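Throughout, a chain's letter reflects where its sequence line sits, starting with A, and its residues are numbered from 1. Small disclaimer: the values here were computed from a predicted structure and weren't measured. All values below were derived from every heavy atom in this structure, side-chain atoms included, with hydrogens, water molecules and symmetry-related copies excluded.
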Amino acid sequence: MRDRSRNTFLFSLLIMGVVLLSLLDVMLGSVSIPFSDFIAFFTDGSFTDETNRSILLNFRIPKLVSALLAGSALAVSGLQMQTVFRNPLAGPYILGISSGASLGVAIVLMGASAFGWTFLGSKVGVVLAALVGSFFVLMLILSVSLRIRDITTLLILGMMFGTAVSAVTSLLQYFGSETSLRNFVIWTMGSLGGVGREQLVLYIPLVISGLLMAWFFARPLNVLGIGELYARSLGYNVKRLRFLIFLSTSILAGATTAFNGPIAFIGIAVPHLVRMSFRTSNHAILVPASILTGAAILLLCDIIAQLPGSAMVIPLNSVASLMGIPVVVYIVLRSKRVSI
Amino acid sequence: MARTVIDIKGLVAGYRNGQEIAFRYPAFDAVAHCGELIALVGRNGVGKSTLLRTLTRLKPVLDGAVRINGRYIDDISGNDFARLVSFIPSEPAHASHTNVYEFVCMARYPYHGWFESLQMSDSLLVERAIDSVGLTNLKKRYIDNLSDGERQRAMIAFAIAQDTPIIIMDEPTAFLDLPNKFEVMRLLREQSLQGKTIIISTHDLQTAFGLVDTIWLMLPKGIKIGAPEDLVLSGILNKLVDNTPVYFDAKSGQFVYNQPFKKKAIVVGGTPTQHRWTANALQRLGFETDFTDSSADELFVQICEEEGKVQWKLGRGDRSPTFDSIRNLCLYIKG
C-alpha cells in the first residue's frame, strides 16, 4: 500500500529529525561546550568541566525536555481544537486558556509589586498562578460545554471569556509598576528556559496524560471531524466526549503556558502541516505525527532563538512566528486552501 | 406479512426551546416492517427531520413510545442502538483529508472498542459496501472532492457498512440530478430487498412513486400511511398541497401548477404529443385550452406539417402568421 509506505517514511524522517534537533539543542547555546565533552558524557557519563556538567544537567537537558513537551502538547491541543470546532483557525488558546494563565501571572507579578507579596513573584509563584488562571478558564468552559450543544456558540463564548480575562489583565498592566510590567511582558514572549528539574516532575506527567487522552480519542475525533450528527448516530455521547477533549486540551495548553509562557503559532500551524504532509484526517496518525512535528519545530525555534555562536537569546515567540508563518503561508498558497 | 421492526405508538415528536415545547407534531401510530422501504413525505417545516431525529434518538421522545424489535428505544444503549439503526443526516459528511475508504471504515467503530483495530472482516464489509454503490474506483478520493451524487452514494455505503437492520436517511435525493436520484433510490431498494427496513424523507414524489413500498404522508394534522397508489386513489395526496396553486393530477400522476386562465385558445392538428406541448405553452401564457364550449375562443392555433417541417399557424385565415417554433409563436402572442 502506497499510503502506508509514505507514512512509514514520514514517521522515520520525523523521528530522525527530532533526535538530531535534540542533540543540536543540547550542544548549542550561549556557553559553548566542547564537542569532546559531549562524547565523554554520553559514553561514560563523565565530564571534564564541572560547570559544563552543571549547565547540561540543570539547564540544557531540562530545557530540551520542556521543548519536546511544549511542542507536542501545543500541536496536539491545536489539532484537537481544530477538529472539535471544525475550524482551521482554532488553536490551543481558542478556549481562552492562555488568557487565563496570563491573568494569573499578571496578578502575581503586578500584585507582588503593588502589595509587596514578594514570595508570589518567584518562579514557582508564576507557574502556580498560570496554572490556577488556566484552570479557572477551563472550569468556566467545561461547565458551559455541558449546557450548550451548539459548537459555534461554544467557540464564541470561549473567545468572549478570553477577551474578558484579557481586559482584566490589561487593567493590571495599566496599574502595574515598570519592573513588574517588564517581567510580565517577558513572560508573554515565551521561554523554554524557565523549567527546572523540579518543575519537570509536574510538567512531564501532565503532558503525558494529556497526550494519552488525545491518542485515546483518535476514533471519536475522526467522527467528530466528519460531523457531530455522524458521531451521535455512531453511538458516541458528544457532550461527554467534548468535555473530555476540552479537558485534555486544557491540561496540555494550560500546563505548557504555565511553564513556558504563551507560545504562539505552533498550535495552529503544526496540525495543518501534518494533515497536508500525511494526507489524512485519521487521528490515529495525526496525533503521533503532531507530537513529533510539534516537538521538532519548537526545537528548531529554540535553536534559532539561542542565536548559536552569540551570547544573546531572542524571544522564542518572535522566532516561532517569524520562522513559522512564511512556511504556513507558502503551504497555504501552494495548496490554495486550508481546511479541516 | 413481514415482521414488525419499528412499532410507533402515540408518538409525539417535537422539540423544546428551553422548558417550553416549541414544536410538536400530533401523536400518531405507525409500523415499519422488515424489508419495507418507506418514504416520509411532507411540506417544508411539517416536521420530517424532527420525526426522523426522534426515531434515531437525536431528539427525545416527547410522549408515546417507539419500539424497535420490541425494545423501547430509550432502553437501548448508545452502542447497541448504533448497531440497530444507521442514520445519515441531510448535511453531507465533510472532511478535507478523509478518503471514501477511511470514511466508510468509521461506520465500523460501533463494533469495536476504542483501541481494537479493525478486523479483516471489517475491511471486507467496507470494501463490499463501497463496491455495492459503485465507488470502488473512487475509494481513495477525498470525500470533499466527490460530486454530490458520489458523496450521497458514499453515505449510503456508510449506512450499508454500519450493517444495521434499519437505515434512516434525511433527504438522500436532495441536490441530485434525475439519474442520480433514481440511482440512490435503486440502491436503497436493493438494500430493502435484502431485508433492511429503510425510512427516508424526500420531496421527490415522482422518483419515490416507482420505487418505495409505502409513503408516510405527513400532513399538519396527522400522518397518512399507504402504498403510493393507495394515496393517489384515495385523493389524499391532494391534501399535501392544500391551499396552494398546485394540485395532484391523478391521471398523469403529476403535480400540476394551477394557472389562473384569463383567455381561451383552441389548438387543432398535429400529433397528440405536438398538441399536448403546444397547449402546455399556451397555458403558461394564461390560455385555457381544455374547455367544452367553443363559442368564445380568442385564439386559434393550427399545427401543420409542410415539407417535413412542423409549423404553427395563428388564426384561421390564409394569410395568418406562421411560426417555425413554439418559442416564436409565444413571443408573437406576448407581443
J.: Using a cut-off of 6.0 Å, state whether more than 12 heavy atoms not belonging to A/M213 lie near its atom CE.
T.: yes

J.: Do any pairs count as a salt bridge (charged side-chain N to carboxylate O under 4.0 Å, His left out) and have a residue in residues 80-94 of chain B, sequence neighbours left out, and if so which ones?
T.: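 Non-adjacent pairs meeting salt bridge (charged side-chain N to carboxylate O under 4.0 Å, His left out): B/R53-B/E91.
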
J.: Check each atom of B/T56 against the heavy atoms of chain A and say whether the ones under 4.5 Å are side chain, backbone, both or neither.
T.: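 For B/T56, there is no contact with chain A at all, as no heavy atom is under 4.5 Å.
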
J.: Check this for me: B/N17, atom CG, are more than 12 non-hydrogen atoms of other residues, nucleotides or ligands nearer than 6.0 Å?
T.: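 It does not: B/N17 CG has 12 such atoms or fewer within range.
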
J.: Please round to the nearest 0.5 Å and tell me the distance separating atom CD1 of A/I285 and atom NE2 of B/H97.
T.: 12.5 Å

J.: At a heavy-atom separation under 4.5 Å, does A/Y236 approach chain B through its side chain, its backbone, both, or neither?
T.: side chain

J.: Looking at B/S77, B/C105, B/P89, B/P110, which one has more heavy-atom pairs under 4.5 Å with chain A than the rest?
T.: B/P89

J.: Considering residues, nucleotides and ligands other than B/R43, do more than 12 of their heavy atoms fall under 6.0 Å from its CZ?
T.: no

J.: With a strict 4.5 Å heavy-atom criterion, list every residue of residues 148-159 of chain B that contacts chain A, or say none.
T.: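 Against chain A, the residues of residues 148-159 of chain B that fall inside the cut-off (heavy atoms, under 4.5 Å) are B/M155, B/F158.
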
J.: Roughly how far apart are A/N282 CG and B/E102 CD, rounded to 0.5 Å?
T.: 5.5 Å

J.: Under 6.0 Å from the CZ atom of A/R240, do we count more than 12 heavy atoms belonging to anything else shown?
T.: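 For A/R240, atom CZ is not crowded (no more than 12 foreign heavy atoms under 6.0 Å).
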
J.: If I compare all heavy atoms of A/G225 with all of B/A95, which pair ends up nearest, and what's the gap?
T.: O-CB, 4.5 Å

J.: How about NZ on B/K9, more than 12 heavy atoms from neighbouring residues, nucleotides or ligands closer than 6.0 Å, or not?
T.: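 Open.
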
J.: Hey, what do you get for OH (B/Y142) to CZ (A/R279), rounding to the nearest 0.5 Å?
T.: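 Rounded to the nearest 0.5 Å, the OH-CZ separation comes out at 6.0 Å.
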
J.: Sort B/I143 into side chain, backbone, both or neither according to what part of it lies under 4.5 angstrom from a heavy atom of chain A.
T.: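 It is the side chain, since no backbone atom gets that close.
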
J.: How long is the straight-line distance from CG of A/L229 back to CD1 of B/I88, given to the nearest 0.5 Å?
T.: 10.5 Å

J.: Rounded to the nearest 0.5 Å, how far apart are CG of A/N222 and CZ of B/F103?
T.: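 It is 12.0 Å, given to the nearest 0.5 Å.
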
J.: Nearest 0.5 Å, what's the CZ-CZ distance between B/R108 and A/R219?
T.: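 With rounding to 0.5 Å, CZ (B/R108) is 11.0 Å from CZ (A/R219).
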
J.: Evaluate whether atom OH of B/Y72 has more than 12 neighbouring non-hydrogen atoms of other residues, nucleotides or ligands under 6.0 angstrom away.
T.: no

J.: Measure distances from B/F81 to the heavy atoms of chain A and classify the residue's part below 4.5 Å as side chain, backbone, both or neither.
T.: neither

